There are 2 protein chains.
Amino acid sequence: MREKTLTMDTLNPQVKAVEYAVRGPIVIKAGEIERCLEEGGTKPFSEVIKANIGDAHAMGQQPITFLRQVVALCTFPELMESPSFPEDAKWRARRILQGCGGHSLGSYSASAGVEYIRKDIAAYIEQRDEGVPSNWEDIYLTTGASDGIMTILRLLVSGKDSSRTGVMIPIPQYPLYSAAISEMDAVQVNYYLDEDNCWALDINELHRAYQAAKQHCQPRVICIINPGNPTGQVQSKKCIEEVLHFAYEENLFVMSDEVYQDNVYAPDCQFHSFKKVLYEMGPEYYNSVELASFHSTSKGYTGECGFRGGYMEVINMDPEVKAQLVKLLSVRLCPPLSGQAAMDVIVNPPQPDEHSYQQFHQEKSSVLGALAEKAKLTEEILNAVPGIKCNPVQGAMYAFPRIFIPPKAMEEAKTLGMQPDMLYCLRLLEETGICVVPGSGFGQKDGTYHFRMTILPSKEKLKVLLGKLRDFHVSFLKEYSALE
Amino acid sequence: MREKTLTMDTLNPQVKAVEYAVRGPIVIKAGEIERCLEEGGTKPFSEVIKANIGDAHAMGQQPITFLRQVVALCTFPELMESPSFPEDAKWRARRILQGCGGHSLGSYSASAGVEYIRKDIAAYIEQRDEGVPSNWEDIYLTTGASDGIMTILRLLVSGKDSSRTGVMIPIPQYPLYSAAISEMDAVQVNYYLDEDNCWALDINELHRAYQAAKQHCQPRVICIINPGNPTGQVQSKKCIEEVLHFAYEENLFVMSDEVYQDNVYAPDCQFHSFKKVLYEMGPEYYNSVELASFHSTSKGYTGECGFRGGYMEVINMDPEVKAQLVKLLSVRLCPPLSGQAAMDVIVNPPQPDEHSYQQFHQEKSSVLGALAEKAKLTEEILNAVPGIKCNPVQGAMYAFPRIFIPPKAMEEAKTLGMQPDMLYCLRLLEETGICVVPGSGFGQKDGTYHFRMTILPSKEKLKVLLGKLRDFHVSFLKEYSALE
């Protein structure tokens with residue numbers, strides 16, 4: 001028998017090391033259960049509720065009409081003649097197509113994206129940041145935010161042994177970061193968010209993590225996710241200043257993942273972009289700290305994950321390195337044009353004097369209002385369960401509650417060779433059909449256990465989910481405590 | 001002055017090593033000239049003709065109506081009510097949306113793509129390959145073919161020093177391959193196509209390249225581009241059998257880039273898929289050789305580059321490795337849904353009993369007919385120029401003529417620190433506005449010089465282009481020969 005060329009033994013070990021819990025074993029299990037139900041199998045529930053991934057449309061959220069009108073017009077320009085499409089949508093579609101080769105969404109764009117759209121994004125950022133200048137040549141369209149994050153890390157990661165690049169990431173983190181670090185063979189440098197303080201960034205913890213890492217690698221970049229994923233916090237301006245000061249002092253490249261910038265629910269919280277805060281710290285900082293910030297079509301109020309749209313703004317990058325960035329982007333040719341078009345609508349929405357303004361804002365407010373309500377509801381119901389403690393969901397789309405796991409359950413998990421919160425989430429899935437992701441997939445302080453759930457199901461379904469979760473948790477505690 | 005974190009000195013050296021000529025220095029220069037013309041600058045020509053990249057729509061090719069109808073319907077399902085869209089397009093759009101979470105193109109799909117579409121692709125492959133079975137679980141949707149190629153290479157590349165993975169690629173090659181090899185720090189193992197034999201694959205050359213490479217690396221994969229890019233040849237069944245036998249013997253993973261499978265023009269040529277040929281070689285081969293083949297929405301008769309759609313079929317992969325592949329894909333979540341939808345139309349076109357059949361086939365034949373005519377025209381005109389020799393453009397979208405460069409021009413290029421064909425292409429661009437890519441960007445036998453040009457401009461424009469090229473070439477020869 002001829003041997004295979006590619007086996008687990010010969011596979012790139014960096015690929016082997018990659019983990020991505022959001023689509024990991026528990027989600028694969030959920031898929032199996034769904035198929036079993038479809039084929040008439042019986043379970044103690046009638047459907048799997050997927051609260052594992054920030055996929056708004058899959059949970060029933062409706063697309064923003066205006067965005068889809070513009071993209072449909074770009075896709076099939078014959079619709080420009082149709083009276084059922086509003087003029088403001090047609091105007092935007094015409095403008096986007098003007099920026100496309102042959103006026104077609106089917107052409108490659110420049111690798112950094114359509115120039116018009118880059119300019120619209122720069123104008124949007126200036127407005128968002130109350131006049132802080134944005135240069136369109138610093139804007140790069142991406143295939144979702146993930147693509148941009150991977151690309152910037154690719155530039156930064158190098159070295160062997162003690163000169164290997166250290167990448168500082170929050171714990172808990174969104175596992176794209178740890179996966180990219182594994183794939184690129186960089187060193188993951190954990191800094192812990194402060195659960196007792198609503199998952200705030202703690203500057204002392206940054207110093208601790210940095211000093212410890214310097215012993216065995218070269219920390220060169222710090223990643224921040226704000227609003228937080230999976231933790232849902234919105235960082236204060238003061239925290240952000242401290243991070244930027246720290247990055248300035250320690251010569252770190254700053255990557256700020258701001259894909260949830262439109263998802264802020266807590267009345268006492270506000271989104272502060274890293275760029276704006278940096279600007280306000282004065283020219284010494286603003287003209288020096290290298291900062292890449294990331295946005296996406298997938299989150300916010302549009303939830304257009306399938307479009308794979310996004311952008312990054314990169315400031316203070318060495319011009320020669322910028323040329324290298326463009327070269328690297330060009331190998332993959334360009335981000336999908338429909339994603340670029342969707343991004344353009346987000347940064348260039350209908351204005352008050354335009355026909356579509358009212359409907360657009362009604363749809364937007366309705367999505368964001370419902371999310372705010374569900375954020376509050378989730379926190380309240382979870383905190384009423386004994387053995388669960390949940391920080392406020394100030395922003396983003398997730399709750400990351402801490403769960404008490406009885407010692408006997410921990411022993412059982414150990415016997416099964418799995419993390420205690422994996423055991424918990426598997427049992428939850430098998431008994432209730434609710435699919436959430438164990439905290440161990442995001443990282444957490446030793447001895448603490450969590451899970452991440454989205455707040456995306458409809459209010460009615462979310463109530464059912466939270467009710468089932470409460471009942472499950474109570475019986476789980478009871479079952480394992482009885483074993484003591 | 002605070003130093004930058006990311007400089008040319010600290011940049012990942014593997015990024016620095018990447019080269020991608022198709023969007024390289026000559027194309028950047030072409031962009032500068034275009035901007036100069038727009039701003040009223042004067043040049044000895046009125047427009048830049050970009051024959052550097054296989055971007056059909058940018059060159060005026062019209063999209064296939066049916067494809068765009070289906071994608072527009074998926075994007076804005078309210079159009080299902082519109083009488084101006086045909087039922088066969090609506091039927092396909094409904095089917096695609098049924099496979100999407102929340103019936104929305106805005107949801108993430110499974111990382112391998114929408115299940116329906118994977119099944120349609122498998123059915124298409126079975127039909128294309130006259131009954132050779134295709135399993136939909138071997139099909140993975142991708143973000144253009146480039147993404148699939150990078151992903152498979154990522155699995156295969158590992159090792160240090162003499163155990164580094166060797167990747168056999170044709171010379172001339174499409175520079176995605178060399179770029180990916182540089183980025184991943186693999187070893188590029190060149191096998192030369194036989195220019196004197198219409199760029200055929202030569203089995204002796206494969207052996208030579210393999211044996212030489214074994215001295216310093218582990219050759220583990222062979223890449224073939226058929227029909228060829230940049231060389232335009234269509235490999236014979238016999239050649240393909242020899243490659244597969246060689247891969248079988250030497251235990252190589254086979255990557256067959258078949259994105260031009262619909263672009264075959266020469267009456268005596270036919271596209272043979274590697275998979276079908278492997279099947280016909282018998283079960284010993286068919287059940288053992290690991291083969292990934294790649295297709296795309298960007299080429300063929302659709303030319304939908306901007307959609308970033310594509311798929312790969314991977315056979316005989318170790319099941320555990322397959323799980324690792326899915327894990328790796330899942331980190332980037334999923335390919336763009338509109339690209340997946342476009343791919344579905346390509347593999348599931350209108351049937352003879354459907355309303356859109358006639359228009360679809362008329363549009364398809366018109367594109368492919370025009371390309372065949374331009375392939376012939378290009379070859380004929382180029383071969384009539386003294387000092388240019390061009391193999392027949394049997395398929396794909398490019399001519400890759402060999403050009404004679406006078407010794408004095410070579411000396412001048414050396415003085416300028418550039419390749420002779422770079423000097424040639426730069427002068428061509430500056431004097432005529434024609435943008436083509438130097439052969440050195442694709443690789444060529446030492447001492448030979450070429451350029452790659454697409455056959456995508458309209459027939460009229462192509463004639464103008466070829467006329468200007470002839471005049472330029474004659475005067476270039478004259479100028480430098482006079483210096484002898």
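Since we're looking at a predicted model, the values are computed, not measured. Order of the sequence lines sets the chain letters (A, B, ...), proteins ahead of strands, with each chain counted from 1.
- For the pair A:Lys4 (side chain) and B:Val289 (backbone), a donor-acceptor distance under 3.5 Å is absent.
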Query raised in the report: What do the steps show when you test A:Glu19 against B:Lys327 for salt bridge (charged side-chain N to carboxylate O under 4.0 Å, His left out), and what is the final call?
Result: CA-CA 8 Å; A:Glu19 285 183 24; B:Lys327 182 187 73 177; over 6 Å; no
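- Interface summary for chain A: among B:Leu156, B:Ile53, B:Leu155, the most heavy-atom pairs under 4.5 angstrom belong to B:Leu155.
- With a 4.5 angstrom heavy-atom cutoff, B:Ser146 touches chain A only via side-chain atoms.
- If you measure heavy-atom distances from B:Lys322 to chain A, you find no contacts under 4.5 Å at all.
- Judged by distance alone, the side chains of B:Arg308 and A:Thr143 never bring a donor and an acceptor atom under 3.5 Å apart.
- To the nearest 0.5 Å, atoms CG (A:Leu67) and CZ (B:Phe76) are separated by 10.5 Å.
- Heavy-atom pairs under 4.5 Å with chain A peak, among B:Lys50, B:Gln340, B:Arg332, B:Glu320, at B:Arg332.
- Contacts with chain A were tallied for B:Asp147, B:Leu73, B:Val27; B:Asp147 has the most, counting heavy-atom pairs under 4.5 Å.
- Ranked by heavy-atom pairs under 4.5 Å with chain B, the first of A:Gly102, A:Cys334, A:Gly306 is A:Gly306.
- B:Ala247 touches chain A through its backbone: at least one of N, CA, C or O sits under 4.5 Å from a heavy atom, while the side chain does not.
- There is a side-chain donor-acceptor pair under 3.5 Å between A:Ser104 and B:His57.
- In terms of modelled atom types and a separation under 3.5 Å, the side chain of B:Asn12 and the main chain of A:Val157 share a donor-acceptor contact.
- Only the side chain of B:Phe85 has a heavy atom closer than 4.5 Å to any heavy atom of chain A.
- With chain A as partner, the option from B:Met317, B:Glu304, B:Glu290, B:Gln62 having the largest number of non-hydrogen pairs under 4.5 angstrom is B:Glu290.
- Proximity to chain A (any heavy atom under 4.5 Å) is shown, for B:Met59, by neither the backbone nor the side chain.
- Of the two parts of B:Thr65, the backbone and the side chain both hold a non-hydrogen atom closer than 4.5 Å to a non-hydrogen atom of chain A.
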Requested in this report: Apply the test side-chain contact (heavy atoms from CB on, under 4.5 Å) to residues A:Leu329 and B:Tyr20: give CA-CA distance (whole Å), side-chain angles for both, the deciding distance (0.1 Å), then the verdict.
Outcome: CA-CA 10 Å; A:Leu329 291 174; B:Tyr20 187 68; over 6 Å; no
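- For chain A, the nearby part of B:Ser109 is the backbone; its heavy atoms alone come within less than 4.5 Å.
- Comment: B:Glu78 does not engage A:Arg68 in a salt bridge, judged by the lack of any side-chain N to carboxylate O separation of less than 4.0 angstrom.
- Proximity to chain A (any heavy atom under 4.5 Å) is shown, for B:Ile28, by neither the backbone nor the side chain.
- Using a 4.5 Å cut-off between heavy atoms, B:Ser84 makes no contact with chain A at all.
- The choice from B:Leu252, B:Val331, B:Thr7, B:Thr297 that makes the most heavy-atom pairs within less than 4.5 Å of chain A is B:Val331.
- The structure places NZ of A:Lys16 at 13.5 Å from CG of B:Leu328, a figure rounded to the nearest 0.5 Å.
- In terms of heavy-atom pairs under 4.5 angstrom with chain B, the leader among A:Val326, A:Leu176, A:Thr10 is A:Thr10.
- Comparing A:Ala323, A:Ala56, A:Gly144, A:Ser111 by heavy-atom pairs within less than 4.5 Å of chain B, the highest count is held by A:Ser111.
- The backbone N or O of B:Thr5 sits less than 3.5 Å from a side-chain atom of A:Arg220, completing a donor-acceptor pair.
- Atom CD of B:Gln61 is separated from atom OG of A:Ser107 by 9.5 Å, given to the nearest 0.5 angstrom.
- For chain B, no part of A:Tyr285 is nearby; none of its heavy atoms comes within less than 4.5 Å.
- With a threshold of 4.5 angstrom between heavy atoms, A:Met184 does not approach chain B through any atom at all.
- No other option in B:Gly54, B:Ala179, B:Ala58 has as many heavy-atom pairs under 4.5 Å with chain A as B:Ala58.
- For A:Gln69, the parts lying near chain B are the backbone and the side chain together; criterion is any non-hydrogen pair under 4.5 Å.
- In this structure, chain B has a heavy atom under 4.5 Å from the backbone of A:Pro335, while its side chain stays farther away.
- Interface summary for chain B: among A:Val321, A:Asp55, A:Thr75, the most heavy-atom pairs under 4.5 angstrom belong to A:Asp55.
- Using a 4.5 Å cut-off between heavy atoms, A:Ala110 contacts chain B through its backbone alone, with no side-chain atom that close.
- In this structure, the separation between CG on B:Leu6 and OG1 on A:Thr165 is 9.5 Å, given to the nearest 0.5 Å.
- Looking at A:Ser82, there are no atoms closer than 4.5 Å to chain B (heavy atoms on both sides), in backbone or side chain.
- Closest heavy-atom contact between A:Ser298 and B:Tyr108: CB-OH, 4.1 Å.
- Rounding to the nearest 0.5 Å places SG of A:Cys305 at 9.5 Å from CG of B:Leu337.
- The distance from the CG atom of B:Asp318 to the CE atom of A:Met8 is 7.5 Å, given to the nearest 0.5 Å.
- For A:Ser330, the parts lying under 4.5 angstrom from a heavy atom of chain B are both the backbone and the side chain.
- Of the possible donor and acceptor atoms, none in the side chain of A:Ser158 sits under 3.5 Å from a partner among the backbone N and O of B:Pro13.
- Contacts of B:Cys74 with chain A are made by backbone atoms alone, with heavy-atom separations under 4.5 Å and no side-chain atom involved.
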Requested in this report: Would you check, one step at a time, whether the test side-chain contact (heavy atoms from CB on, under 4.5 Å) holds for A:Arg154 with B:Glu183?
Outcome: CA-CA 9 Å; A:Arg154 185 74 66 195; B:Glu183 193 186 317; 3.0 Å; yes
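- Contacts between A:Leu79 and chain B at a heavy-atom distance below 4.5 Å involve the side chain alone, from C-beta outward.
- Heavy-atom pairs under 4.5 Å with chain B peak, among A:Gln218, A:Glu284, A:Met150, at A:Met150.
- Contacts with chain B were tallied for A:Asn316, A:Leu325, A:Val71; A:Asn316 has the most, counting heavy-atom pairs under 4.5 Å.
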